[in-house]
There are 2 protein chains.
Amino acid sequence: MSNLRIDGDRLWDSIHETAVFGGTPDGGVKRLTLSQEDRKVREWFKSQCEQLGCRVSIDEVGNMFALRPGLDDNLAPIAIGSHLDTQPTGGKFDGILGVLAGLEIIRVLHDADYHTRHPLILVNWTNEEGARFAPAMLGSGVHAGVFDRSFADSRIDAEGVTFAQAIEAIGYRGPTPLGQTRFAAMFELHIEQGPVLEREAIEIGVVTGVQAMRWYDLVIVGREAHAGSTPMDMRQDALADAAQIILAAQDVARRHGGLATTGQITIAAPSRNVIPGHVTLSLDLRHERDGELDAMEREIASIIEDRCQSARATLAPIWKSPAVRFDASCLEAIKKGASAAGASTRNIVSGAGHDSVYVSRIAPTAMIFIPCLEGLSHNPAESASKKHCTLGAQTLLNAVLFHDQISADQGSS
Amino acid sequence: MSNLRIDGDRLWDSIHETAVFGGTPDGGVKRLTLSQEDRKVREWFKSQCEQLGCRVSIDEVGNMFALRPGLDDNLAPIAIGSHLDTQPTGGKFDGILGVLAGLEIIRVLHDADYHTRHPLILVNWTNEEGARFAPAMLGSGVHAGVFDRSFADSRIDAEGVTFAQAIEAIGYRGPTPLGQTRFAAMFELHIEQGPVLEREAIEIGVVTGVQAMRWYDLVIVGREAHAGSTPMDMRQDALADAAQIILAAQDVARRHGGLATTGQITIAAPSRNVIPGHVTLSLDLRHERDGELDAMEREIASIIEDRCQSARATLAPIWKSPAVRFDASCLEAIKKGASAAGASTRNIVSGAGHDSVYVSRIAPTAMIFIPCLEGLSHNPAESASKKHCTLGAQTLLNAVLFHDQISADQGSS
């Protein structure tokens with residue numbers, strides 16, 4: 001390791017300096033991908049990187065790569081980064097912290113005239129949020145070969161504007177071929193977006209992986225009937241079935257140590273005095289292990305079959321993302337980095353998706369979490385302390401430097 | 001009794017003859033109150049009654065009274081009737097059967113030149129359905145003094161048309177002062193709108209009363225949080241609380257022999273991967289006895305207080321209607337009438353509101369139910385058999401004649 005120190009005040013100032021691009025009166029940030037606000041923060045970011053001697057390249061979907069040369073330019077670069085776009089009701093930290101902590105690291109190295117063995121590359125991924133163009137993690141997904149350029153270009157926002165039109169409009173269609181930029185490793189710092197670290201007063205989460213996630217639509221077809229004249233034992237109440245299934249799925253999740261959430265429910269023709277005959281609801285299941293998620297899915301399917309009074313209930317899978325286990329050597333670097341920073345740690349599994357999910361398919365990858373206020377994110381009240389941002393960035397710096405030594409010693413390229 | 005016989009074919013033909021006024025391609029009827037379709041059926045009804053020697057008067061809210069003189073015109077008339085308006089997705093029987101069975105009775109008496117001791121009055125109440133102008137049972141409510149004329153006139157439909165404008169537009173603002181027409185008794189024949197008689201293969205329901213009904217809005221305020229990063233034990237899931245309460249309320253209803261229904265539920269900002277933080281739902285509670293309904297309400301309120309993980313849950317009463325017990329002598333007449341018609345009977349409590357609820361406040365009243373297909377109503381598929389319609393009308397005729405004797409003997413006026 002070294003004794004290089006993150007300047008917490010400088011990092012904090014940068015976070016607040018960029019928060020004006022799309023800043024909202026309630027203290028939040030609305031900076032949808034490829035918007036004019038996104039263009040402004042991109043230009044600020046490019047200019048900051050170039051002032052530090054980095055060469056900034058932009059690929060065909062707008063991903064930005066700021067390269068700082070290493071001692072051995074035959075080694076593939078170690079990547080740091082995240083995303084600068086936000087949700088419509090976003091905050092100042094989600095994604096932004098990961099990019100600006102990377103910028104702070106480049107500044108520290110620049111000021112100390114410290115040269116890593118690997119080149120370093122600071123990345124701003126396009127459209128992580130998926131709020132303007134679905135799906136989320138689009139730029140990192142294209143980079144990793146999960147999606148192709150024509151898929152990305154064809155995405156359409158709520159106003160009917162395509163991704164292709166939007167990226168041309170802000171001038172961020174770059175010449176760098178997709179996926180050309182190889183990484184020796186990737187480290188991403190992020191707020192937890194959950195309440196665990198704060199509750200346990202832990203400073204750094206060593207993110208060992210990302211939960212498997214599956215989305216389903218459940219349609220329950222019972223029978224509409226008069227609320228006043230249909231005895232309780234003669235009903236096919238689709239909403240009562242939905243209520244049973246929502247609670248049973250949550251029990252299954254608790255027993256397996258996973259998560260189950262219903263965030264949407266709709267009665268087809270709702271009326272105060274009509275027993276619901278047609279209900280649609282969403283089900284989001286998550287678990288660290290795919291096998292446990294299989295078991296959860298089977299149990300819930302069997303409960304739906306056994307317990308429904310309704311004529312028909314159909315559980316349709318609509319999306320799935322397998323569990324991700326981050327790279328052991330990257331995790332080791334993060335643990336050592338946190339320890340050197342004097343931070344308390346615990347292992348944690350990310351419940352949310354991140355750019356690192358796709359990057360992990362093509363390079364050794366791991367993430368660092370810091371606590372955020374009450375687990376809030378995608379909310380103007382999203383907040384993380386200066387102390388935790390500084391500790392997170394210091395851990396990130398230490399991890400990068402540690403990995404730079406180990407990986408170069410092992411001849412990684 | 002007499003040996004006067006309902007002509008089931010004639011009744012059936014009239015039901016189908018009137019079903020063309022607002023008839024829909026799917027076999028249903030859309031005849032919103034005070035619409036042009038309603039005007040047509042009113043004119044048909046008036047003309048039919050006048051052909052039978054009745055004098056038709058119309059009151060200030062459009063209620064139609066067809067009077068057939070009795071042997072003793074000092075006696076108050078015995079009323080028969082129901083309503084000719086329908087829901088937007090209505091059928092051929094709901095309300096209509098009660099009016100046309102009354103018309104059939106007048107025809108039978110006319111053909112036989114039979115004269116009751118009391119005058120008879122056949123009523124078509126305005127806006128029973130409440131589908132165009134809320135609330136339901138408006139015409140009978142005004143007649144009974146529950147609402148006043150200015151309240152009725154001020155009701156507004158979805159197009160912004162007032163009740164006053166609508167009634168003037170079809171020329172059915174009559175000169176008869178409200179509530180002037182007194183009744184010695186009122187009998188209403190109706191389809192059950194529930195599945196009990198059909199399930200038990202009973203031909204006639206002797207309706208002993210109408211359930212007490214209470215409507216509530218329940219607002220649950222939990223906390224929105226990320227579905228992927230919030231552990232199950234750290235959630236304030238307003239929808240999970242809603243599911244618990246929906247099911248608990250139904251359990252309470254079962255234990256008390258009442259009914260509980262949630263027909264509406266809304267998540268404030270639904271998103272597939274966000275734990276719901278704000279849920280609103282309706283609760284409809286019914287029981288034959290007000291005291292049991294009090295107990296149900298108390299138990300549910302206490303469950304809401306005990307079980308919610310959410311920060312706040314508020315159960316707000318928005319409407320109530322006390323239990324109605326129909327008149328013993330009218331019920332006795334119906335039982336005798338059904339017996340004379342050779343029909344099987346059981347006592348039944350109406351779960352739905354009817355014009356008879358309000359009329360029972362000002363006159364001895366009771367109702368007769370016949371089975372309907374699968375308990376369906378407010379649906380184009382609403383159906384009742386010719387046999388049951390005939391039996392219902394015969395029971396109604398017998399009950400009226402029986403009550404006419406008894407009541408007149410007792411000097412009722």
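Computation of the quantities below employed the complete heavy-atom set of this structure, encompassing side-chain atoms and omitting hydrogens, waters and symmetry-equivalent molecules. Here is the naming used below: chain letters follow the sequence lines, and residue numbers restart at 1 for every chain.
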Would you say [Y] and [X] are linked by a side-chain donor-acceptor pair, where the criterion is simply a distance under 3.5 Å?
| X | Y | answer |
| --- | --- | --- |
| B:Q236 | B:Q309 | no |
| B:H256 | B:E299 | yes |
| A:S229 | B:Q193 | no |

Identify which part of [X] has an atom lying under 4.5 Å from any heavy atom of chain B, answering side chain, backbone, both or neither.
| X | answer |
| --- | --- |
| A:L247 | side chain |
| A:Q250 | both |
| A:N379 | neither |
| A:A225 | neither |
| A:I275 | both |
| A:L376 | side chain |
| A:M213 | neither |
| A:T230 | both |
| A:L285 | neither |
| A:N273 | both |
| A:Y216 | backbone |

Where on [X] is there a heavy atom nearer than 4.5 Å to chain A: the side chain, the backbone, both, or neither?
| X | result |
| --- | --- |
| B:Q211 | side chain |
| B:I246 | side chain |
| B:I318 | side chain |

Looking at [options], which makes the most heavy-atom pairs under 4.5 Å with chain B?
| options | result |
| --- | --- |
| A:R254, A:Q244, A:E192, A:R199 | A:R199 |
| A:D233, A:L259, A:D284 | A:L259 |
| A:R223, A:H378, A:R272, A:R235 | A:R272 |
| A:A242, A:A238, A:A260 | A:A260 |
| A:G375, A:S271, A:P276, A:P270 | A:S271 |
| A:D217, A:L281, A:V210, A:V279 | A:D217 |

Between [options], the one whose heavy-atom pairs under 4.5 Å with chain A are most numerous:
| options | answer |
| --- | --- |
| B:P195, B:A240, B:S282 | B:P195 |
| B:V196, B:V349, B:L239 | B:L239 |
| B:G228, B:A227, B:A253 | B:G228 |

Lys/Arg N to Asp/Glu carboxylate O, [X] vs [Y], below 4.0 Å:
| X | Y | result |
| --- | --- | --- |
| B:R214 | B:E297 | yes |
| B:E288 | B:R325 | no |
| A:K92 | A:E382 | no |

* To do: Please state whether the rings of A:H190 and A:H83 are parallel, tilted or perpendicular, taking 30° and 60° as the class boundaries.
  =>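 Because their plane-to-plane angle lies in the 30° to 60° range, the rings of A:H190 and A:H83 count as tilted.
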
* Fit a plane to each ring of A:W319 and A:W215, take the angle between them on a 0 to 90° scale, and name the class: parallel (under 30°), tilted (30 to 60°) or perpendicular (over 60°). =>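 Tilted.
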
Is [Y] close to [X] at the side-chain level, that is, under 4.5 Å between some pair of heavy atoms?
| X | Y | result |
| --- | --- | --- |
| A:L218 | A:T314 | no |
| B:L189 | B:I370 | yes |
| B:D94 | B:E129 | yes |

* Before giving the answer on side chain to side chain donor-acceptor pair (under 3.5 Å), spell out for A:S310 and A:D241 the whole-Å C-alpha distance, their side-chain angles and the decisive distance to 0.1 Å. => CA-CA 7 Å; A:S310 291; A:D241 281 336; 2.6 Å; yes

* Examine B:F369 together with B:H354 and report whether their ring centres are nearer than 6.0 Å. =>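 Here the rings of B:H354 and B:F369 have centres that are less than 6.0 Å from each other.
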
* Asked: Does the ring center of B:F93 lie less than 6.0 Å from the ring center of B:H388?
  ->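 No, the ring centres sit 6.0 Å or more apart.
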
